[in-house]
Trainee: 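Provided herewith is a single structure, encoded as C-alpha cells, for subsequent inquiry.
Protein chains get the first letters and strands the later ones, always in sequence-line order, with residue 1 at the start of each.
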Amino acid sequence: MAPKLLGMLVAKGDLGLVITEVEAYGGRDDEASHAFKGLSRRNSSMFADGGTLYVYLSYGVHNCINVVTGERGVGQAVLVRSGIIVALTNVSSGAADLRGQVVQGPGRVGKGLGAELSDDGVDLLGAGCWRLLDSRKSLSLEDAPIVCSTRVGISKAKDAPWRFEVGLANLGLGSVR
DNA sequence: ATAGCGATGTTCT
DNA sequence: GAACATCGCTATA
C-alpha cells in the first residue's frame with residue numbers, strides 16, 4: 001500500500017497534499033512501529049479499519065499524519081513524509097491546481113495541512129472533512145519510477161527498505177483530476 | 001556542507 | 001529518567 005499512496009491526494013477541507021514520500025510501518029511484527037507493543041491510548045487509531053487517519057505528536061512538537069492500511073486490529077499504517085500542498089479548486093471533486101508549496105518532512109506535512117490531534121481516528125474514505133483521493137491517473141504517475149530506501153530517524157529495524165519516494169520531476173505541471 | 005543542540009510532551013522502563 | 005517515526009537555529013569547516 002505504501003508505494004500506491006504516492007501521487008494520491010490527502011485533503012483537509014479545501015487544503016490538499018499530493019503525496020510524494022511515505023514510510024510503511026507494520027503492526028506487532030515491526031520493532032520501529034508505534035504499534036509494536038500493542039494497543040495504547042496514543043496508537044489506538046492505528047488498530048482501526050484501513051482508511052483511518054492516525055495523527056500523533058512527535059517529539060512534543062509536531063503533529064504527523066499516517067494512513068492506516070491494515071485490517072482492523074492489525075496496527076499497520078503509512079507515514080506521510082513529503083508532498084505538495086495544493087488548494088482545491090473544487091472541493092467535492094478534489095480537483096486542484098498543482099502549483100503549490102513543496103513540504104518535506106512529516107512535521108511540515110502535518111503543519112501544512114493543519115493536522116490536529118483531534119483529527120486522530122477520522123475516516124479518510126467517507127465524505128467528511130478529511131479525505132484520501134486517488135489522483136494518480138491524472139498525474140500520470142502509475143508508471144513513474146519509485147525510489148525505495150530505508151526509513152529515517154528510527155533506531156530499531158533500520159534495515160527494512162520501507163521508505164518510498166517519487167521524484168518531483170515526475171509530477172510535471174498542470175492540475176490534479 | 002555538516003554537526004550539535006534545544007524545544008517540548010507523551011510514552012515506556 | 002530515557003527515548004522518541006522532528007525541526008530549525010547556531011556553530012564549525
Trainee: Tell me, which of residues 39-49 of chain A have any heavy atom that sits under 4.0 Å from an atom in DNA chain B?
Mentor: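 Within this stretch, Ser40(A), Arg42(A) sit under 4.0 Å of the strand.
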Trainee: Atom CG of Asn63(A) to atom C1' of dC7(C): distance rounded to whole Å?
Mentor: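 Spelled out: CG on Asn63(A) to C1' on dC7(C) is 13 Å.
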Trainee: Rounded to the nearest angstrom, tell me the gap between atom CD in Gln76(A) and atom P in dA5(C).
Mentor: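 For the pair Gln76(A) CD and dA5(C) P, the rounded distance is 18 Å.
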Trainee: Shorter than 3.5 Å, N or O on both sides, protein versus nucleotides 4-7 of chain B: list them out with atom names.
Mentor:
none

Trainee: Using the rule given for side chain to side chain contact (heavy atoms under 4.5 Å, CB included), can you reason through Val152(A) versus Arg81(A), listing the C-alpha separation, both sets of side-chain angles and the distance that settles it, and then say yes or no?
Mentor: CA-CA 10 Å; Val152(A) 178; Arg81(A) 292 191 57 88; 3.9 Å; yes
Trainee: Carefully, step by step, assess Asn66(A) and Val78(A) under the rule side chain to side chain contact (heavy atoms under 4.5 Å, CB included).
Mentor: CA-CA 5 Å; Asn66(A) 294 245; Val78(A) 174; 5.9 Å; no
Trainee: Tell me which one of Val122(A), Leu17(A), Asp119(A) satisfies side-chain contact (heavy atoms from CB on, under 4.5 Å) with Lys12(A).
Mentor: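 Going through Val122(A), Leu17(A), Asp119(A) one by one, the side-chain contact (heavy atoms from CB on, under 4.5 Å) with Lys12(A) is satisfied by Asp119(A) alone.
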Trainee: Over how many whole Å does the gap from Tyr54(A) atom OH to dT11(B) atom C1' extend?
Mentor: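 Tyr54(A) atom OH is separated from dT11(B) atom C1' by 10 Å.
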Trainee: Report the distance from atom CD1 of Ile19(A) to atom CG of Leu139(A), rounding to the nearest 0.5 Å.
Mentor: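 Taking CD1 in Ile19(A) and CG in Leu139(A), the distance rounds to 11.0 Å.
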Trainee: What verdict does the side chain to side chain contact (heavy atoms under 4.5 Å, CB included) test give for Arg136(A) and Lys4(A), after you've listed the backbone C-alpha separation in whole Å, the side-chain angles of each residue and the deciding distance to 0.1 Å?
Mentor: CA-CA 9 Å; Arg136(A) 287 176 295 164; Lys4(A) 283 189 178 179; 3.8 Å; yes
Trainee: According to salt bridge (charged side-chain N to carboxylate O under 4.0 Å, His left out), does anything in residues 146-164 of chain A pair up with another residue at least two apart or in another chain? List the pairs.
Mentor: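 Applying salt bridge (charged side-chain N to carboxylate O under 4.0 Å, His left out) to every pair that reaches into residues 146-164 of chain A, excluding sequence neighbours, yields Glu21(A)-Arg163(A), Asp30(A)-Arg151(A).
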Trainee: Leu57(A) CG to dA3(C) P: how many Å, rounded?
Mentor: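 Going from CG in Leu57(A) over to P in dA3(C) covers 19 Å.
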Trainee: Less than 4.5 Å apart, side chain to side chain, heavy atoms only: is that true for Leu132(A) and Leu5(A)?
Mentor: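 Touching, per the 4.5 Å side-chain cut-off.
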Trainee: Under 4.5 Å between any side-chain heavy atoms of Leu9(A) and Leu88(A), yes or no?
Mentor: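 A side-chain contact exists here, since the closest heavy-atom pair is under 4.5 Å.
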Trainee: Are the side chain of Arg131(A) and the backbone of Val91(A) linked by a donor-acceptor contact shorter than 3.5 Å?
Mentor: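 Answer holds: yes.
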Trainee: Would you compute the distance between atom CG of Leu133(A) and atom OG of Ser93(A) and round it to the nearest 0.5 angstrom?
Mentor: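 So the CG of Leu133(A) and the OG of Ser93(A) are separated by 8.5 Å.
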Trainee: Counting Watson-Crick and G-U wobble pairs with both distances under 3.5 Å, what is the dot-bracket string for DNA chain B, 5' to 3', using [ ] for crossing pairs and | for pairs to another strand?
Mentor: |||||||.||||.
Trainee: Send over the distance from Asp120(A) CG to dA5(C) C1', rounded to a whole Å.
Mentor: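 Spelled out: CG on Asp120(A) to C1' on dA5(C) is 15 Å.
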Trainee: Could you give me the CA-CA distance, side-chain angles and deciding distance for Tyr56(A) and Leu79(A), then say whether side chain to side chain contact (heavy atoms under 4.5 Å, CB included) is met?
Mentor: CA-CA 10 Å; Tyr56(A) 71 92; Leu79(A) 172 68; 4.0 Å; yes
Trainee: Does the side chain of Leu98(A) come within less than 4.5 Å of Val18(A)'s, by heavy atoms?
Mentor: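 Yes, side chains in contact.
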Trainee: By a strict heavy-atom criterion of less than 4.0 Å, which residues belonging to residues 22-38 of chain A are in contact with DNA chain B?
Mentor: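 By residue number: Lys37(A).
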Trainee: Could you tell me how far apart Lys156(A) (NZ) and dT11(B) (C1') are, to the nearest whole angstrom?
Mentor: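 To the nearest whole Å, that distance equals 11 Å.
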Trainee: Listing request: all salt bridge (charged side-chain N to carboxylate O under 4.0 Å, His left out) pairs with a residue in residues 49-61 of chain A, at least two apart in sequence or in separate chains.
Mentor: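 Sorted result for residues 49-61 of chain A: Asp49(A)-Arg72(A).
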Trainee: Check whether any side-chain heavy atom of Trp130(A) lies under 4.5 Å from a side-chain heavy atom of Val55(A), and answer yes or no.
Mentor: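 Side chain of Trp130(A) against side chain of Val55(A), heavy atoms only: no contact under 4.5 Å found.
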Trainee: Specify the residue among Gly105(A) and Ser155(A) whose closest nucleotide of DNA chain C lies further upstream toward the 5′ end.
Mentor: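 The residue closer to the strand's 5' end, by nearest nucleotide, is Ser155(A).
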Trainee: Calculate the interatomic distance between Tyr56(A) atom OH and dC12(B) atom P; express it in whole Å.
Mentor: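 After rounding, the reported distance stands at 14 Å.
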Trainee: Just to be sure I understand the rule, does Leu79(A) reach a base, reach only the sugar-phosphate, or reach nothing, if contact means heavy atoms closer than 4.0 Å?
Mentor: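 Answer is base: heavy atoms of Leu79(A) come under 4.0 Å of a base.
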